[in-house]
Amino acid sequence: QKEVEQNSGPLSVPEGAIASLNCTYSDRVSQSFFWYRQYSGKSPELIMSIYSNGDKEDGRFTAQLNKASQYVSLLIRDSQPSDSATYLCAVKNSGGYQKVTFGTGTKLQVIP
Amino acid sequence: GAGVSQSPSNKVTEKGKDVELRCDPISGHTALYWYRQRLGQGLEFLIYFQGNSAPDKSGLPSDRFSAERTGESVSTLTIQRTQQEDSAVYLCASSLRGTGIGNTEAFFGQGTRLTVV
């Protein structure tokens with residue numbers, strides 16, 4: 001089992017719809033969770049971080065964390081063509097190394 | 001500088017040559033990561049440095065790949081006897097270690113695009 005798993009997509013949604021991106025992780029005691037956005041040809045950039053169970057909202061973005069299910073998701077409301085990118089889930093492991101592990105990303109396409 | 005700096009931004013090399021890629025992390029960041037990203041693919045973890053601890057080298061694909069870091073500053077990734085399959089973007093990221101939660105996100109450099117011809 002991979003440490004951080006994401007569906008590679010592409011996930012296609014119409015403009016204005018809600019895009020839902022999902023991620024599961026294997027380290028049960030992970031504490032910190034991140035969503036990064038990567039445009040084609042660019043480096044990943046952090047868009048959301050979440051540390052506690054429940055929802056965290058920032059503008060059109062909502063991160064959701066369920067530690068019991070080892071599941072973290074990102075919702076993008078009112079999707080725009082400019083949201084088309086690859087979204088990477090990242091998890092900071094527990095233990096001495098405190099390493100951040102990335103999933104392989106989900107490609108999102110917002111259709112005008 | 002304010003961000004993670006990588007050099008060179010582009011490198012074209014002949015098959016069989018050695019290359020050295022450089023990463024300057026954000027000042028004060030004890031953690032440093034190297035990733036490889038082939039065209040259209042996800043991030044492939046290579047190596048992780050955390051302060052003075054032994055690095056996590058579990059992602060290095062072969063003994064042609066090595067990396068060093070002096071203290072908590074600059075890191076170099078060396079690829080010996082380059083092969084065409086080494087062509088990719090090599091990304092460096094740094095973060096605070098953080099014994100708890102918060103302020104531990106990784107920040108990425110702009111990458112080095114390596115082309116082996």
Side-chain angles (χ1 to χ4, degrees), chain A residues 2-10 21 23 25 27 29-54 56 58 63 65 67 72 85-109, chain B residues 2-7 9-10 21 23 25-26 29-59 88-113 115:
Chain A
K2 291 183 180 178
E3 292 181 67
V4 181
E5 293 208 50
Q6 296 181 256
N7 188 316
S8 62
L21 304 161
C23 172
Y25 59 95
D27 184 352
V29 296
S30 296
Q31 293 183 317
S32 304
F33 307 87
F34 311 98
W35 282 100
Y36 285 76
R37 177 176 60 201
Q38 186 177 26
Y39 291 116
S40 181
K42 301 294 185 182
S43 295
E45 57 179 343
L46 179 73
I47 54 172
M48 290 283 286
S49 58
I50 186 166
Y51 307 106
S52 303
N53 276 328
K56 179 181 178 182
D58 183 0
L65 175 61
K67 290 187 178 181
V72 58
T86 295
Y87 290 80
L88 301 164
C89 172
V91 176
K92 185 165 84 76
N93 296 353
S94 60
Y97 262 133
Q98 301 276 315
K99 188 175 84 175
V100 177
T101 301
F102 283 83
T104 53
T106 298
K107 186 173 183 178
L108 174 66
Q109 295 176 338
Chain B
V4 179
S5 177
Q6 291 187 246
S7 60
S9 54
N10 281 284
L21 312 180
C23 173
I26 293 172
H29 280 193
T30 58
L32 187 147
Y33 306 77
W34 283 100
Y35 295 92
R36 179 170 68 180
Q37 190 169 36
R38 293 193 167 109
L39 185 64
Q41 303 298 308
L43 293 179
E44 180 183 358
F45 168 74
L46 296 178
I47 189 168
Y48 167 60
F49 294 93
Q50 177 54 273
N52 293 319
S53 302
D56 176 357
K57 303 181 180 180
S58 61
V89 174
Y90 289 82
L91 288 163
C92 175
S94 72
S95 73
L96 292 170
R97 182 180 190 273
T99 54
I101 63 175
N103 297 320
T104 56
E105 58 265 33
F107 296 88
F108 284 83
Q110 291 307 301
T112 293
R113 182 176 299 277
T115 304

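Per chain, numbering begins at 1; letters A, B, ... match sequence-line order.
From B:E105, atom CD reaches atom OG of A:S49 across 5.5 Å, with rounding to the nearest 0.5 Å. Taking OG1 from A:T101 and OH from B:Y48, the interatomic distance works out to 9.0 Å, rounded to the nearest 0.5 Å.
Contacts of B:E44 with chain A are absent, with no heavy-atom separation under 4.5 Å from either backbone or side chain.
Looking at A:Y36, its side chain does come within 3.5 Å of a backbone N or O of B:A106 through a donor-acceptor pair. With hydrogens and angles disregarded, no donor-acceptor distance shorter than 3.5 Å links the side chain of B:Y35 to the backbone of A:F102.
Interface remark: of the candidates A:P44, A:A90, A:G105, A:P44 forms the most heavy-atom pairs closer than 4.5 Å to chain B.
Taking each heavy atom of A:S43 and B:G109 in turn, the nearest pair found is OG-O, 2.5 Å.
Each salt bridge (charged side-chain N to carboxylate O under 4.0 Å, His left out) pair with one or both residues in residues 38-48 of chain A, not counting sequence neighbours, appears once here: A:R37-A:E45.
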Apply side-chain contact (heavy atoms from CB on, under 4.5 Å) to the pair B:L43 and A:L88, showing each step before the final yes or no.
-> CA-CA 9 Å; B:L43 293 179; A:L88 301 164; 4.0 Å; yes
